[in-house]
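This is a predicted model, so every value here is computed, not measured.
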Amino acid sequence: MKTSAAKLAASRAARPPADPGRSSDLPGPKLLEIYRTMVRLRKFEERCYQVYLQRKIGGFCHIYSGQEAVAVGMISLLGPQDYVITAYRDHGQALARGLSVKACMAELYGKATGCSRGKGGSMHFFDTSVRFMGGHGIVGAHVPLACGIGWAIKHQDQKGVCLCFFGDGAMNQGAVHEALNLASLYKLPVVFVCENNGYAMGTAVARGAAEENIYLRANSYKMPTCRVDGNNLFEVMDVTGGLIRRAREEFQPSFVEAVTYRFRGHSMSDPGSYRTREEVDAHKARDPIAQVAQHILKQKHAASGDLDEIDAEESASVEESVKFAEESPPPSPDALYEDIYA
Amino acid sequence: MSVPVSRRAGVPARHAEPAAPGDISDAVRMRAFRQAINEALHEAMARDDRTFIMGEGVDDPKLIFGSTAGLKERFGPERVFDIPLSENGMTGVIIGAALAGMRPIMTHQRIDFTLYAMDQIANHAAKRCYASGGRQSVPITIRALVGCGWGQGPQHSQSLQSVFAHIPGLKVVMPSSAYDAKGLLISSIEDNNPVIFIEHRRLYEIEDDVPDGHYKVPLGRGVVKCEGKDVTVVAVSLMVFESIRARQALAEAGIDAEIVDPRTIKPLDVNLILESVRKTGRLVIVDTAWKTCGFSAEIAALAAEECFGALKAPIRRVTLPDVPTPTTSALEKIYYPGALDIARAACDVMGLGGKVPPAVEASIAGMTTPTAPQFFGPF
């Protein structure tokens, strides 16, 4: 059965030509590294889900499971000079950018050892040492910040790119459209990535947007726009690689709609009653991690035992992070009054 | 124009940061507020090539009422430029640029337009340092003008300092003189935090003794503009000017008012204000904005909480009435308070029952010191 989201993913009419060289031909070790990162995201998120239900953590928690090919595929194309900025579903991007599993888990536990010293929480992971400019809690509002980062890259001759992730719901925010115009007007090295997982909380795309083909809405800003299958790692990487190159070399911004699906609800409080079991199952059958695993096995880059080993190692690392977070100290009471000003 | 405040007469040494030897000459150098702002921008931008200034109209022929004159010629169009009508988006741009190492300055011809960018200012610029556990900061300066004068109307005349000051993480600066404007703007641009720098349009042509070169007036430090023993008048921005006029007139009735200018709304120089109230035992607060939940309420609460025992009379506030700004000049005249209203409040706390002695009233009516220049347009 093909769901409407899968149909959207299959429509690639707007795709720009990819640069020569296909990511599916990447050498085995590189592919295995990417696979490992995708597994890390999944293990981390599923463990978050459990500790949340055990009430060891609370507050907001938006699980990224199912969308791994987007964050990992795109961020694996970046170098240390590049920037990543994202919305509130930020655990995946943070881990893909290399934040430590421990610092992320401790942040969810609200501990002083967290990546934002416990003062940011799930929606506000930050690590400037890897130019991870954070998760943001106001839908679409961080998209103009990406333009500012692009501005700084361009005017400080940093030769980088800013990868800016946001969801389908953000496309209905004025700030996003202002940002798209400004990026194109000022020729800023930003690649805008709309992760279309079909729903803004419980609102299906077509219920919030007169034009449900999201990439078409970006067409009026005079930049390359396209749609990719966000569950297909290689398609994500092939298309984004060319866009990142053009941003770095030509200050050409661009827009990618990555059609994907979240396996869990919008947040922990979401029973997901707006989606049918059949729809969710159909998407789980297109699991991005399983697709990569199949490719690796088919190309004989590794045996299934090797992949199992990677899974086990990542599970163990997440387990260690839970222990680390639970044993870490909370921020001292003084921290309440610290960091109001720099 | 003669205004009885200069860095020598009005600013005790302890409130100014020492200048490097040779930086500031002793010669009196009168400059308008508008020119002082312009000089601050020149100084700050020459010192640090990470700064850039943008906003609607920064390089158009009017140059934000003259305050951005000569900048584009000196620093080039990449550092001084006009922007599209996207206040919200462009505020996000300066925040992002600041996070990535730059020190942007944004200019709004009216503070009313910053409301478009309130999400960026309140949710992003203000909160970044805290939410990142101190690992990031947002060194931006947002200049915003308060309109006042014929026909500005309800959407071009608001004085929104209290709105910004309510939000943790922002600094809010409101200079009342050209000297302070230059030193405070340089401090704001060199500060590592988001600063809302509020300039009252009717101060723009008022001159003061403004040193040449680079100097800073520290943020968070107020100043006693004029010493007095009978009543403390805490006033901000244009209202400092009106309060000084009122003080001159009150002297006719033997009332000696002390004028305290906080200069920075947030962080607030609490001790300076309390020290003065403890000395005089009487407090009048004069604001350019509305009364309800405003800056004047904050100062009144502060005095009530911290030095209630020192107060000899109830606190009085002189503010705008809680109504939108009328566009017609017929109503504007009674909307804006002035020296006479301040004198009336001072007489009230002095126990004169709200009656202004005829000598005081006559003094204000016949004042040779002109009121701040009116603003007739064209706009």
Side-chain angles (χ1 to χ4, degrees), chain A residues 83 85 107 112 114-121 123-129 131 133-138 140-156 158 160 162 164 173-183 185-186 188 190 331 335-336 338-342, chain B residues 49-50 52 54 76 78-79 81 83-104 106 116-140 167-171 191-195 219-220 266-267:
Chain A
Y83 291 85
I85 189 165
E107 188 60 33
C115 57
S116 303
R117 296 175 63 201
K119 293 167 91 170
M123 300 197 291
H124 305 291
F125 286 6
F126 296 102
D127 189 345
T128 47
S129 71
R131 298 196 165 175
M133 307 307 276
H136 297 78
I138 307 294
H142 66 289
V143 181
L145 271 62
C147 296
I149 293 166
W151 181 279
I153 291 171
K154 185 172 179 177
H155 291 275
Q156 297 180 324
Q158 293 180 5
C162 180
C164 175
Q173 287 285 9
V176 172
H177 291 268
E178 288 185 28
L180 294 173
N181 179 53
L182 294 167
L185 180 72
Y186 294 131
L188 302 176
V190 182
L336 180 66
E338 290 168 357
D339 310 320
I340 298 162
Y341 294 121
Chain B
D49 61 12
R50 296 171 301 171
F52 62 91
M54 43 80 133
E78 294 212 328
R79 291 182 63 197
F81 56 96
I83 62 169
L85 289 152
S86 302
E87 286 87 352
N88 187 25
M90 283 310 293
T91 306
V93 170
I94 61 168
I95 294 169
L99 289 171
M102 303 192 80
R103 303 186 76 89
M106 189 172 190
Y116 248 133
M118 208 57 189
D119 168 60
Q120 290 296 347
I121 295 170
N123 284 328
H124 296 267
K127 309 291 165 46
R128 193 51 162 247
C129 185
Y130 198 81
S132 68
R135 286 169 178 154
Q136 295 193 336
S137 62
V138 184
I140 59 172
I167 298 162
L170 297 180
K171 294 188 178 183
D191 197 90
N192 285 328
N193 297 285
V195 180
L219 305 186
K266 193 174 191 177

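Interface summary for chain A: among B:Ile94, B:Leu170, B:Val138, the most heavy-atom pairs under 4.5 angstrom belong to B:Leu170. Interface summary for chain B: among A:Tyr83, A:Tyr186, A:Phe125, the most heavy-atom pairs under 4.5 angstrom belong to A:Tyr186. Chain B forms the most heavy-atom pairs under 4.5 Å with one residue out of A:Glu107, A:His155, A:Gln158, A:His177, and that residue is A:His155. Across B:Lys171, B:Arg50, B:Arg79, the residue that shares the most heavy-atom pairs under 4.5 angstrom with chain A is B:Lys171. Between chain B and the options A:Ala179, A:Cys147, A:Ala141, heavy-atom pairs under 4.5 Å are most frequent for A:Ala141. Note: A:Thr128 leads A:Val176, A:Thr128, A:Asn181 in heavy-atom pairs under 4.5 Å with chain B.
Between A:Leu145 and B:Arg128, the closest side-chain pair of non-hydrogen atoms falls below 4.5 Å. In this structure the side chain of A:Tyr341 reaches within 4.5 angstrom of the side chain of B:Pro267, judged on heavy atoms. Side-chain contact between B:Asn88 and A:Pro144: absent, with no pair of heavy atoms (C-beta onward) separated by less than 4.5 Å.
With a 4.5 angstrom heavy-atom cutoff, A:Leu180 does not touch chain B via any of its atoms. For B:Tyr116, no part lies near chain A; criterion is any non-hydrogen pair under 4.5 Å. For B:Asp119, the part sitting under 4.5 Å from any heavy atom of chain A is the side chain, from C-beta outward, and nothing else. When heavy atoms are compared at a cutoff of 4.5 Å, B:Leu85 does not approach chain A at all. Looking at B:Asn123, the atoms closer than 4.5 Å to chain A (heavy atoms on both sides) all sit in the side chain, from C-beta outward. Contact of A:Ala112 with chain B is not made at all, since no heavy-atom distance falls under 4.5 Å. Proximity to chain B is limited to the side chain of A:Leu182, based on heavy atoms less than 4.5 angstrom apart. For B:Glu78, the parts lying under 4.5 angstrom from a heavy atom of chain A are both the backbone and the side chain. Heavy atoms of B:Lys127 lying under 4.5 Å from chain A are absent altogether. Proximity to chain B (any heavy atom under 4.5 Å) is shown, for A:Ile153, by neither the backbone nor the side chain.
One finds the CZ atom of B:Arg135 at 7.5 Å from the SG atom of A:Cys115 (value rounded to the nearest 0.5 Å). Interatomic distance, CD of B:Glu87 versus CD of A:Glu178, reported as 7.5 Å (0.5 Å rounding).
Not a single side-chain hydrogen bond (donor to acceptor under 3.5 Å, both in side chains) links B:Lys266 to another residue, sequence neighbours left out. Scored by the ring-ring contact (aromatic ring centres under 6.0 Å, His included) test, A:His136 finds A:His142, B:His124 as partners (sequence neighbours excluded).
In terms of heavy-atom proximity, A:Ala342 sits nearest to B:Cys129 at N-SG, 3.8 Å. In this structure, B:Ala131 and A:Ser116 approach most closely via the heavy-atom pair O-CB, 3.3 Å.
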